[in-house]
Number of protein chains: 2
Amino acid sequence: MASVSDVNIEVIKKLRAKTNAGILDCKNALIESDGDIDKAIHILRERGIAKASKKMGREAGEGVITAYIHPGDQLGALVELNCETDFVARTEEFKKLAKNIAMQVVAYDPIAVDRESVPKDIIEEELSIYEEQAKRMKKPEEIQKKIVESKFEKFYKDVVLLEQDYFREPTITIGDLIKEKISVIGENIVVKRFERFQVGE
Amino acid sequence: MASVSDVNIEVIKKLRAKTNAGILDCKNALIESDGDIDKAIHILRERGIAKASKKMGREAGEGVITAYIHPGDQLGALVELNCETDFVARTEEFKKLAKNIAMQVVAYDPIAVDRESVPKDIIEEELSIYEEQAKRMKKPEEIQKKIVESKFEKFYKDVVLLEQDYFREPTITIGDLIKEKISVIGENIVVKRFERFQVGE
């Protein structure tokens, strides 16, 4: 068990923000958990001091949530677009960007924001198909490798939001559009997440 | 390998609907895959006959996609509400129900549509906490069991959409509201899924 002086005041504050428990309760739970916040939450909940909260682990971040429903109500998207300040989040320009990204998601059906977020099982399935297709061409191994690589580039361009052509202006990508806005607005802008629903999908 | 006569015409139709490949290609792929549709899709894709499709495995279903964004753009929900016919899906009453459910999701932050859909790790975490809380009461084991059960009832009421009180009319649950609409509209109505975004969550 940690001693009182080992428990950092910052950690107590954090636990308090997450649980709404009193400072003393937070301190005691942290002493018992050796400073581990998740364990301390568990201890506070066991004692009925903290309530179950779906808000735990929430990070700070500015931005907007925007939806776009395609006419006919059969297709829709929800987008979280983040920026650095509340001031920018409230501008029309930022809200318009979020709306256009939601429309892009509805129109072009991406599966992930960036390459790193494409699920691994999808990558593996594509890889096995591209390798088989390349093998059938009976070209040297090096060329087969290149073929697989170029098929992946095409795949990412098709399914990764930031690499897709912007539906309003197909000469630029969504990534380009966001970079443009970053330089105009002067703040970093990040597509945090999106969800797309289609009836019967 | 299956023979031609083993391949059911219904399965060929299904494969064709999923891949847009020709009937003969579908039949051959199914013969090779011994009637396994997923394998047949894989075979068609390897040969470049079928394209990668995010639409595969799509089921039929009528309904609407509805969004609600809370004023301030910090919170939003996307909902799919299903019914049996396109006719009902286009009625104002059905659309209004979908909108009210989206508002419920924003206001009451459920984690699942029904009990069965609550993630197992959450159930286990709750169980361990309720058991510990019950133990601390030093009551007979049977009573401890009852305490855990009643805590779970409260938990479900709090986090399961269909069991939550309807925000516009707290004397009924969302499940009651939907049952009411089913009897008025005369068609089955199902909340298929929802998603809720909050900035910085």
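Each chain gets a letter, A, B and so on, in the order the sequences are listed, and its residues count up from 1. Keep in mind that this is a model prediction, so the values were computed, not measured.
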Honestly, the part of A:Lys135 sitting under 4.5 Å from a heavy atom of chain B is neither
- Query: Is any side-chain heavy atom of B:Ile65 closer than 4.5 Å to a side-chain heavy atom of A:Gln198?
  - Reply: no
When every non-hydrogen atom of A:Gln74 is compared with those of B:Val64, the smallest separation belongs to NE2-CA, 4.4 Å
Heavy-atom closest pair (A:Arg136 atom, B:Glu46 atom, distance to 0.1 Å) is CD-O, 4.1 Å
**OP:** Determine yes or no for a side-chain-to-main-chain donor-acceptor pair under 3.5 angstrom, with A:Glu195 supplying the side chain and B:Ala77 the backbone.
**Re:** no
When the 4.5 angstrom heavy-atom criterion is applied to B:Arg193 and chain A, the contacting part is both
Note: vs chain B, highest number of non-hydrogen pairs under 4.5 angstrom among A:Ala98, A:Gly63, A:Gly72 is A:Gly63
What one should report as the nearest heavy-atom pair of A:Ile69 and B:Leu78 is CD1-CD1, 3.9 Å
Rounded to the nearest 0.5 Å, the CZ atom of B:Phe197 sits from the OG1 atom of A:Thr66 at a distance of 11.0 Å
#### Entry: Over 12 non-hydrogen atoms of neighbours within 6.0 angstrom of NZ in A:Lys157
yes
* Should we count CZ of A:Phe87 as having more than 12 external heavy atoms under 6.0 Å? -> no
Task: salt_bridge(A:Arg45, B:Glu126) N-O dist < 4.0 Å - done: yes
Worksheet entry | Within-4.5 Å side-chain heavy-atom neighbours: A:Ile129 and B:His42 | yes
Practice prompt. State whether the number of non-hydrogen atoms from other residues, nucleotides or ligands found under 6.0 Å of A:Lys14 atom NZ is greater than 12.
Written response: no
Whatever's closer than 4.5 Å to a heavy atom in chain A on B:Leu75 counts as backbone
If one checks every heavy atom of B:Phe94 against chain A at 4.5 Å, the contacting part turns out to be neither
Inset, instruction - Dump the intermediate steps for side-chain contact (heavy atoms from CB on, under 4.5 Å) on B:Val199 and A:Glu62, then the final yes or no. - result: CA-CA 7 Å; B:Val199 170; A:Glu62 299 298 335; 5.5 Å; no
